[in-house]
J.: 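First the structure, then my questions, so here it is.
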Amino acid sequence: MVIPGEATSNRYVANSEGAPPVPPPGGYRGAQRSRAPQLPPGAPQPPTGSASDGKPKRAWMGPVALAVAGAFVVVLLIVWNVGGSHTLYGFNMLAIQLAVLAVVLVALFTPGARRWGSLALAVCLVANVATIGAAGALTSAYTGNYENLKTDEQKFWEKYPGIKDEEPIYLIGAPSYEEYKADADEILLKVRERLTADFGFTWTEPADEMKRPIRNGYGGESWFFTYTSQKWMTNEAVHGVSDKTAVVNSINSVAADFGYDELYSLTQPGYRDDKVLEQLYGSAEPTEQAIWEFYTGDYDADFTLYVQMVDLSMDNADGKFRKDREDWNARTGEPLEGVIVYVVTGPTISEDDEVAFDELLSDYE
């Protein structure tokens with residue numbers, strides 16, 4: 001109940017226990033809610049806003065940073081696509097990337113441009129020298145094509161026609177392919193004639209000759225190759241130590257006619273570790289071996305005659321050598337057992353290529 005004439009501060013009457021005291025007239029001292037300056041009536045209100053609103057905004061830095069980052073990514077992709085992966089790791093490209101990163105960082109710390117700057121930074125993190133270069137390396141590993149990773153100098157030496165650390169004059173001075181082939185045909189004919197005369201052997205259709213390219217030592221192939229002659233094999237098997245020894249003696253007589261040493265055994269104990277002999281020939285003891293292997297020839301001319309004898313009567317208990325020969329017979333038609341003769345040479349080149357080799361070699365002198 002309000003009593004007329006009562007002081008306005010005495011607003012609470014009955015049932016007002018516990019209510020806070022009424023502030024004194026004019027409020028408490030220092031209890032102003034706003035620290036804004038009191039302006040006289042009719043005075044204009046000052047502009048509102050932060051203190052930084054008076055500074056010029058550079059929001060344009062954000063789109064510029066994103067555009068610069070995007071343009072740099074396009075440049076990286078173009079360089080990679082045209083085969084310049086080695087350029088990606090050059091000093092110039094790294095310097096450009098640092099400049100792009102500087103522009104992006106400026107945008108990140110510029111009010112109003114941070115959102116665009118964040119996008120530009122994300123672009124730089126996804127596509128940069130490291131990531132594009134790594135993608136190129138993975139692509140090359142998957143496809144086997146490393147052309148994009150090679151410098152011009154590497155590509156130049158990759159086509160080197162000779163062999164690294166080998167004097168071209170000695171390589172070209174060795175017997176030509178045609179000379180090697182003629183010598184191989186001659187001695188193989190003599191061996192076949194002697195064995196046919198001494199043992200009545202007949203011969204299966206020979207396996208084709210092979211030319212195995214030789215690497216040049218600079219990532220490519222040289223113009224030289226090793227020559228493996230036709231492989232001749234008897235249709236008849238040879239069993240027993242005495243019979244196989246007789247065949248060896250007949251071939252030794254032919255080798256002597258050509259001025260070669262006697263056949264040297266590759267299966268004798270001491271030439272290789274016993275475990276290797278067991279794996280390759282069935283035993284470390286020659287009398288128990290399923291395969292005998294010999295060689296001789298003109299070592300100065302890098303011309304080697306090889307002789308193998310397959311005797312499956314000496315196969316292991318598990319039948320390993322018979323299984324291997326049956327698989328080989330299925331692929332080539334070669335008899336399971338018998339005497340095999342062939343020739344392997346050192347690096348050689350065809351006579352038709354010698355002039356062109358000399359001309360190309362002049363570019364590397």
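Because only heavy atoms are used, hydrogens play no part in the values below, and waters and symmetry mates are left out as well, while side chains stay in.
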J.: Please confirm whether the backbone N or O of Glu262 pairs with a side-chain atom of Asn252, one donor and one acceptor, at under 3.5 Å?
T.: no
J.: I need the Asp298 CG to Asp261 CG distance, nearest 0.5 Å.
T.: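 Answer for the CG-CG pair, Asp298 versus Asp261, is 10.0 Å.
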J.: Does Ile96 share a hydrophobic cluster with Leu77, counting links as ILVMFWY side-chain heavy atoms below 4.5 Å and allowing steps through other members?
T.: yes
J.: Linking I/L/V/M/F/W/Y whenever any side-chain heavy atoms sit under 4.5 Å apart, do Ile251 and Val344 land together?
T.: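 No, Ile251 does not connect to Val344 through the hydrophobic network.
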J.: Counting N and O atoms only, with roles assigned by atom type, does the side chain of Asn216 sit under 3.5 Å from a partner on the main chain of Glu158, one being a donor and the other an acceptor?
T.: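 Yes, because the side chain of Asn216 sits within donor-acceptor range (under 3.5 Å) of the backbone of Glu158.
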J.: If the threshold is 4.0 Å, N to carboxylate O, is there a salt bridge linking Asp327 and Arg331?
T.: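 Salt bridge between Asp327 and Arg331, a charged N being under 4.0 Å from a carboxylate O: no.
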J.: Passes side chain to side chain contact (heavy atoms under 4.5 Å, CB included), Val123 versus Leu119? Steps please.
T.: CA-CA 6 Å; Val123 170; Leu119 292 175; 5.7 Å; no
J.: Please identify which of these residues, Glu293, Glu288, Gln289, meets the side-chain hydrogen bond (donor to acceptor under 3.5 Å, both in side chains) condition with Tyr281.
T.: Glu293
J.: Kindly write out the residues that satisfy side chain to side chain contact (heavy atoms under 4.5 Å, CB included) with Ala255, not counting sequence neighbours, or none if the list is empty.
T.: Tyr260, Thr296
J.: How long is the gap from CG on Leu76 to OG1 on Thr131, to the nearest 0.5 Å?
T.: 7.5 Å
J.: If you measure from OG on Ser229 to CD on Glu209, what distance do you get to the nearest 0.5 Å?
T.: 8.0 Å
J.: Quick check on the hydrophobic clustering: are Phe199 and Val339 connected, directly or via other members, by side-chain heavy-atom contacts under 4.5 Å?
T.: yes
J.: Look at the side chain of Thr348 and the backbone N and O of Pro175, then say whether any donor-acceptor pair between them is shorter than 3.5 Å.
T.: yes
J.: Cys124 and Ala69: which non-hydrogen atoms are nearest, and at how many Å?
T.: SG-CB, 3.7 Å
J.: Do Trp223 and Leu171 make a side-chain contact, defined as non-hydrogen atoms from C-beta onward lying under 4.5 Å apart?
T.: no
J.: Determine yes or no for a side-chain-to-main-chain donor-acceptor pair under 3.5 angstrom, with Trp292 supplying the side chain and Thr267 the backbone.
T.: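 No, the answer is negative, given that no donor and acceptor are paired below the 3.5 Å cut-off.
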J.: What's the shortest heavy-atom distance between Thr234 and Gly338, and which atoms?
T.: OG1-CA, 3.4 Å
J.: Tell me whether Asn316 contacts the main-chain N or O of Asp318 through its side chain, where contact means a donor paired with an acceptor under 3.5 Å.
T.: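 Such a contact is absent between Asn316 side chain and Asp318 backbone.
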J.: Can you find a pair of side-chain heavy atoms, one from Val310 and one from Glu334, that are under 4.5 Å apart?
T.: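 Contact flag for Val310/Glu334 side chains = no.
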J.: For residues Val343 and Tyr180, determine if any side-chain heavy atom of one lies less than 4.5 Å from a side-chain heavy atom of the other.
T.: no
J.: Taking the side chain as every heavy atom from C-beta outward, state whether Ser222 and Ile349 have any pair of such atoms under 4.5 Å apart.
T.: no
J.: If you apply the rule side chain to side chain contact (heavy atoms under 4.5 Å, CB included), what do you find for Arg212 with Thr228, and how did you get there?
T.: CA-CA 8 Å; Arg212 188 183 301 276; Thr228 300; 5.9 Å; no
J.: Measure the shortest side-chain to side-chain distance between Leu188 and Gln230 over non-hydrogen atoms and say whether it is less than 4.5 angstrom.
T.: no
J.: How many angstroms lie between CD1 in Ile291 and CG in Asp324, if you round to the nearest 0.5 Å?
T.: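 One gets 8.0 Å once the value is rounded to the nearest 0.5 Å.
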J.: Is it the case that more than 12 heavy atoms not belonging to Leu98 sit under 6.0 Å from its CG atom?
T.: yes
J.: Can you tell me how far apart CZ (Phe224) and CZ (Arg215) are? Round to the nearest 0.5 Å.
T.: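 Phe224 atom CZ to Arg215 atom CZ measures 15.5 Å (nearest 0.5 Å).
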J.: Between Ser250 and Leu195, is there a donor-acceptor pair closer than 3.5 Å when you use the side chain of the first and the backbone of the second?
T.: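 Here the side-chain-to-backbone pair does not exist.
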J.: Tell me the ring pair (Phe, Tyr, Trp, His ring centres under 6.0 Å) pairs involving residues 331-355, sequence neighbours left out?
T.: Tyr306-Tyr342
J.: So, for Ser176 and Glu351, which heavy atoms are closest and what is the spacing to 0.1 Å?
T.: OG-OE2, 3.0 Å
J.: Any link between Leu336 and Phe321 through a network of hydrophobic side chains (Ile, Leu, Val, Met, Phe, Trp, Tyr) touching at under 4.5 Å?
T.: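 Per the 4.5 Å side-chain linkage, Leu336 and Phe321 are co-clustered.
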J.: So, do Arg194 and Val191 sit near enough that their side-chain heavy atoms are less than 4.5 Å apart?
T.: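 Not in contact.
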J.: Identify the heavy atoms of Tyr299 and Tyr295 that sit nearest to each other, and give their distance.
T.: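 In terms of heavy atoms, the two residues are closest at OH-CE1, 3.6 Å.
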J.: Can you tell me if Thr345 uses its side chain to pair, donor with acceptor, with the backbone of Tyr227 under 3.5 Å?
T.: yes
J.: Donor-acceptor check, side chain of Arg325 to backbone of Pro335, threshold 3.5 angstrom: yes or no?
T.: yes
J.: Do you reckon Val247 sits in the same ILVMFWY cluster as Val307, going by side-chain contacts under 4.5 Å, direct or chained?
T.: yes
J.: Rounded to the nearest 0.5 Å, how far does CG of Leu101 lie from CZ of Phe72?
T.: 10.0 Å
J.: Pick out which of Lys181, Glu178, Lys211 makes a side-chain hydrogen bond (donor to acceptor under 3.5 Å, both in side chains) with Ser350.
T.: Glu178
J.: Measure across Leu277 and Pro269 and return the closest heavy-atom pair with its distance rounded to 0.1 Å.
T.: CD1-CA, 3.9 Å
J.: Would Lys190 pass as a cation-pi partner of Phe258, given that its NZ or CZ must be under 6.0 Å from the six-membered ring centre and within 45 degrees of the axis?
T.: no
J.: Is there a donor-acceptor contact under 3.5 Å from the side chain of Asn128 to the main chain of Leu125?
T.: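 Flag set: sc Asn128 to bb Leu125 pair under 3.5 Å.
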J.: Do you know which two heavy atoms are closest between Lys244 and Val238, and how far apart they sit?
T.: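 Heavy atoms only, the tightest pair is CG-CG1, 3.6 Å.
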J.: For the pair Glu326 (side chain) and Lys323 (backbone), establish whether a donor and an acceptor sit closer than 3.5 Å, ignoring hydrogens and angles.
T.: no
J.: Counting only heavy atoms from other residues, nucleotides and ligands, does the tally under 6.0 Å from CD of Glu285 exceed 12?
T.: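 Counting other residues, nucleotides and ligands, CD of Glu285 exceeds 12 neighbours.
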J.: Could you tell me which residues satisfy side chain to side chain contact (heavy atoms under 4.5 Å, CB included) with Thr202, sequence neighbours excluded, listed by chain and number?
T.: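 With neighbours one apart ignored, the set is Asn235, Glu236.
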J.: How are the rings of Trp157 and Tyr160 set relative to one another: parallel (under 30°), tilted (30 to 60°) or perpendicular (over 60°)?
T.: tilted
J.: Would you please test Phe156 and Tyr364 for ring-ring contact (aromatic ring centres under 6.0 Å, His included) and show each step?
T.: CA-CA 9 Å; Phe156 172 74; Tyr364 295 85; 4.3 Å; yes
